[in-house]
Protein chains: 2
Amino acid sequence: MTSTPDDAAVSAWLALARAYRLAFATFEARLKAENLPPMAWYDALWELEKAGEAGLRPFELEQAMLFEQYNLSRLVERLARVGLVERCACPEDRRGQVLSITAEGKATRARMWRVYGEALAETIGGRLDDGELRLLADLLRKLG
Amino acid sequence: MTSTPDDAAVSAWLALARAYRLAFATFEARLKAENLPPMAWYDALWELEKAGEAGLRPFELEQAMLFEQYNLSRLVERLARVGLVERCACPEDRRGQVLSITAEGKATRARMWRVYGEALAETIGGRLDDGELRLLADLLRKLG
DNA sequence: TTGATGTCGATGCAATTGCATTTATATTGC
DNA sequence: GCAATATAAATGCAATTGCATCGACATCAA
């Protein structure tokens with residue numbers, strides 16, 4: 001039985017939390033410094049861009065982003081309000097809607113990526129070599 | 001030049017973010033289910049408990065927790081309000097104060113640890129063996 | 001000294017998040 | 001068919017967070 005974690009698990013978790021928070025805070029700060037929207041906007045825009053023409057239902061986006069339903073609802077509202085995302089009535093389920101990214105949304109995502117990607121390269125790519133990065137990703141995926 | 005990150009860095013970051021958010025959300029949910037305070041309270045209490053009699057200055061706690069100054073100020077206020085932490089005037093710097101954990105604070109932290117630790121053992125310890133955990137921690141520390 | 005600048009911590013206000021509930025539509029069991 | 005239950009998304013309200021700034025003291029330079 002795994003009732004109390006051993007030191008190795010605790011150390012790994014603490015290192016995980018610290019690495020994540022540090023990197024995330026860096027990315028957010030760089031975006032803000034360039035007057036760009038926060039990371040959550042990027043994630044939503046990217047999921048929608050990947051989804052293409054078909055778009056995504058809010059609940060699908062919610063799962064992809066690990067977002068709470070009410071938070072997603074409001075995030076989408078903000079994105080729609082400034083024209084980065086479009087909401088259409090869903091033909092198959094009249095409770096729902098279909099979200100898709102607009103041209104302006106794609107442009108904003110691309111602008112964000114220049115900043116986010118550069119910070120990512122520095123903060124993550126610059127500190128581990130390719131083999132280490134792959135190993136890290138594999139280990140982390142076992143936690144999912 | 002690291003201007004655009006390569007795939008390995010992006011995959012590692014995405015896996016890192018997903019693993020962190022999943023684990024963190026699990027821990028928070030378990031604590032709430034037991035009517036216990038959130039993770040941030042745990043972190044603060046633990047840092048103060050480790051610091052012992054001498055206590056910590058708010059700005060030290062801020063650095064240890066990677067918290068914003070104003071958020072820490074308010075967190076400490078809440079902790080003090082319910083008697084888990086004590087604030088004393090700092091003898092060496094009259095702008096500042098010294099924080100220390102109370103007996104009740106220690107008891108609360110211990111109660112939280114039973115829940116948090118168990119979830120940690122399940123979510124982290126249960127999915128990787130000891131060697132993998134050590135390797136993961138080492139890789140993550142290179143990102144710090 | 002003393003005036004300029006820096007650091008510690010708090011706080012007013014706006015934006016965001018969490019929680020509980022609501023509205024609207026789908027689905028399921030009888 | 002229809003009542004009971006489930007799911008999609010929104011929302012009122014309280015709590016928290018982010019931002020800018022403040023007040024108090026410390027430090028430094030002349």
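The structure presented is a predicted model; accordingly, all values stated were derived computationally and were not measured. Lettering of chains follows the sequences in order, A, B, ..., and the numbering in each one begins at 1.
- A:T26 places a side-chain N or O within donor-acceptor distance of the main-chain N or O of A:L22, the cut-off being under 3.5 Å.
- Applying the salt bridge (Lys or Arg N to Asp or Glu O under 4.0 Å) test to residues at least two apart or on different chains, the pairs with a partner in residues 21-34 of chain A are A:R21-B:D43, A:R30-A:E122.
- Listed by first then second residue, pairs satisfying salt bridge (Lys or Arg N to Asp or Glu O under 4.0 Å) with a partner in residues 60-79 of chain A read A:E77-A:R81, not counting sequence neighbours.
- Between the two ends of the helix from C:dT1-D:dA30 to C:dC30-D:dG1, each summarised by a five-pair axis, the helix axis turns through 30° (rounded to 10 degrees).
- Taken from CG in B:L16 to CG in A:L133, the straight-line distance is 11.0 Å, to the nearest 0.5 Å.
- For A:T108, the side chain to side chain contact (heavy atoms under 4.5 Å, CB included) criterion is met by A:P37, A:L45, A:L84, A:R111, A:M112, not counting sequence neighbours.
- Ring geometry for A:Y20 against A:F24 counts as parallel: the plane angle stays under 30°, on a 0 to 90° scale with 60° as the upper cut.
- Taking every nucleotide of DNA chain C with any atom under 4.0 Å from a non-hydrogen atom of chain A, the first and last of them, 5' to 3', are C:dT16 to C:dA26.
- Remark: B:R134 pairs with B:D130 by the side chain to side chain donor-acceptor pair (under 3.5 Å) rule, at least two apart or across chains.
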Each nucleotide of nucleotides 5-12 of chain D classed B (base within 4.0 Å of a protein heavy atom), S (only sugar-phosphate) or -, in 5' to 3' order, makes --BSBBBB
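- Pairs of residues two or more places apart, or lying in two chains, that qualify as salt bridge (Lys or Arg N to Asp or Glu O under 4.0 Å) and include a residue from residues 98-110 of chain B are B:E49-B:R109.
- The salt bridge (Lys or Arg N to Asp or Glu O under 4.0 Å) analysis of residues 90-100 of chain A, with sequence neighbours excluded, yields the pairs A:R57-A:D93, A:D93-A:R95.
- Scanning for side chain to side chain contact (heavy atoms under 4.5 Å, CB included) contacts around A:A23 gives A:F27, A:T123, A:I124, B:W13, with sequence neighbours left out.
- Here the straight-line distance linking atom CG of B:L135 with atom CG of A:L135 works out to 4.5 Å at 0.5 Å rounding.
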Acceptor/donor pairs from residues 136-144 of chain B side chains to any protein atom, 3.5 angstrom cut, sequence neighbours excluded:
unit_1: B:D138; atom_1: OD1; unit_2: B:R141; atom_2: NH2; d: 3.4
unit_1: B:K142; atom_1: NZ; unit_2: A:E132; atom_2: OE2; d: 2.6

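- For residues 31-46 of chain A, proximity to DNA chain C is found at no residue, defined as any non-hydrogen atom under 4.0 angstrom from a strand atom.
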